[in-house]
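Remarks on the structure that follows.
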Number of protein chains: 2
Amino acid sequence: MANHLDTFFAALADPTRRAVIERLTEGSAPVSELHAPHDMALPTFMKHLSKLEDAGLVRTEKKGRVRTVHIEAAPLEAAESWIKRQRQVWEGRLDRFARIAEKPN
Amino acid sequence: MANHLDTFFAALADPTRRAVIERLTEGSAPVSELHAPHDMALPTFMKHLSKLEDAGLVRTEKKGRVRTVHIEAAPLEAAESWIKRQRQVWEGRLDRFARIAEKPN
DNA sequence: GCATTACTTAGCCATATGGCTAACCATTTA
DNA sequence: TAAATGGTTAGCCATATGGCTAAGTAATGC
């Protein structure tokens, strides 16, 4: 089960990249606009975008000299559902404990 | 907002560490037992445990020579809620699009 | 009390990551 | 067509990461 969760979570483990995702939930944007608020060189920023793209969190398309970036929801769902599953098993265990505690005989 | 999400997501970005979390949802366990199924040296495995502990995903306590590891739910909730929020904003945007599409005048 | 068990500490290694500059296309725009 | 705009490519650097071995310590078990 060493699936794509590696790249998904790694992509989200950086504040710059999470900020890009947050920005993209409000709509697609060209690279230069996404880059503007981040105090780093463009090539550095492009590396972050590549990671997001490798993780499948983002899709890009180039028209003329402008590359536009779009968010991709599926991986977010995959990551969320993994976490949710863990919590459910864990909470289910707590529930069983609680039930045992409530029936003390 | 460069909070603890960095360490949370980084901790989950490795299959060994996710496997440990999955195992721990079924109950706490000593280091040696958690290590057993993983084909790597113990010190290497301990580094993974440290990352989980640094991320707050796990808590440990030592009794005698045995260190027992317990899962900690709060960070899982934090990570899950971040992802959920992104999805909600993104989906909200889609909904607005849909509403606009439905009212074409 | 000696051996085993269960980690710990220390140190080394290769690769990955996150950052930079400099120089180079390729489209627009003036 | 020359200049500006929007990326891209190449290459360098420091630190982090994930792996190892070897040797040490501290409880338990025999």
Side-chain angles (χ1 to χ4, degrees), chain A residues 1-24 27-70 75 79, chain B residues 1-24 27-70 75 79:
Chain A
M1 207 187 281
N3 44 14
H4 289 175
L5 285 173
D6 286 40
T7 34
F8 295 171
F9 283 123
L12 295 180
D14 180 281
T16 299
R17 293 194 292 263
R18 283 199 307 279
V20 169
I21 292 295
E22 288 177 0
R23 164 65 189 75
L24 286 176
S28 305
V31 168
S32 51
E33 188 185 323
L34 291 174
H35 171 231
H38 298 282
D39 186 22
M40 64 178 64
L42 219 215
T44 305
F45 184 75
M46 293 296 291
K47 279 197 197 174
H48 286 298
L49 284 185
S50 305
K51 292 246 166 114
L52 288 173
E53 199 165 8
D54 291 350
L57 278 159
V58 132
R59 177 175 45 84
T60 79
E61 52 172 344
K62 194 164 184 176
K63 229 169 214 167
R65 60 184 170 175
V66 176
R67 177 174 297 278
T68 305
V69 187
H70 316 269
Chain B
M1 207 188 281
N3 42 16
H4 289 177
L5 285 173
D6 286 40
T7 33
F8 294 172
F9 283 123
L12 295 180
D14 180 281
T16 300
R17 292 192 294 260
R18 284 198 306 280
V20 168
I21 291 294
E22 289 177 1
R23 165 63 188 77
L24 285 176
S28 305
V31 168
S32 50
E33 188 185 323
L34 291 174
H35 170 232
H38 298 282
D39 187 21
M40 63 178 65
L42 219 214
T44 305
F45 184 75
M46 292 299 287
K47 280 197 195 174
H48 286 298
L49 283 185
S50 304
K51 291 244 165 116
L52 289 173
E53 200 166 6
D54 291 349
L57 279 158
V58 132
R59 176 175 46 82
T60 79
E61 52 172 343
K62 194 162 184 176
K63 227 168 216 166
R65 59 186 171 177
V66 176
R67 178 175 297 278
T68 305
V69 187
H70 316 270

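In what follows, every chain begins at residue 1, and chains take the letters A, B, ... in the order their sequences are listed.
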Could you tell me whether the phosphate oxygens of C/dG18, OP1 or OP2, come under 4.0 Å of any side-chain nitrogen or oxygen in A/R17? yes
Would you indicate, yes or no, if C/dG19 has its OP1 or OP2 atom less than 4.0 angstrom from a side-chain nitrogen or oxygen of A/H48? yes
Out of curiosity, A/H48 NE2 to A/M40 CE, how far, rounded to the nearest 0.5 Å? 4.0 Å
C/dC25 P sits how many Å from A/R67 CZ, rounded? 18 Å
Rounded to whole Å, please give me the gap between CE in A/M46 and C1' in D/dT8. 7 Å
Residue whose nearest DNA chain D nucleotide is more 5′ - B/G64 or B/F45: B/F45
Pick the nucleotide of DNA chain D nearest each of B/K51 and B/L42; which residue has the one closer to the 5' end? B/K51
Strictly below 4.0 Å: does B/T44 bring a side-chain N or O up to OP1 or OP2 of D/dC20? yes
Could you tell me how the ring of A/H35 sits relative to the ring of A/F45: parallel (under 30°), tilted (30 to 60°) or perpendicular (over 60°)? tilted
For a quick test of reading the model: is some side-chain N or O of B/R65 closer than 4.0 Å to OP1 or OP2 of C/dT4? no
Of A/P43 and A/V66, whose nearest nucleotide on DNA chain C comes first from the 5' end? A/P43
What's the spacing between A/H4 NE2 and A/D54 CG if we round to 0.5 Å? 10.5 Å
Atom NE2 of A/H35 and atom C1' of C/dG18 are separated, to the nearest Å, by 14 Å
Between P on C/dC7 and CG on B/L49, what's the gap in Å once rounded to a whole number? 10 Å
Examine D/dG6: is either OP1 or OP2 under 4.0 Å from a nitrogen or oxygen in the side chain of A/K62? Give yes or no. no
Separation of D/dA16 atom P from B/K47 atom NZ, nearest Å, is 12 Å
OP1 or OP2 of D/dG18 under 4.0 Å from side-chain N/O of B/T16: no
Write down the distance between CG (A/L52) and P (C/dT17), rounded to a whole number of angstrom. 13 Å
Does C/dT5 have OP1 or OP2 under 4.0 Å away from a side-chain N or O of B/S32? no
In Å, rounded to the nearest 0.5 Å, how long is the span from CG of B/L49 to OG1 of B/T60? 8.0 Å
What integer distance in Å separates A/M40:CE from C/dT17:P? 16 Å
Report the distance from atom NE2 of B/H38 to atom C1' of D/dG18, rounded to the nearest whole Å. 14 Å
What distance do B/I21 atom CD1 and B/D14 atom CG have between them, rounded to the nearest 0.5 Å? 11.5 Å
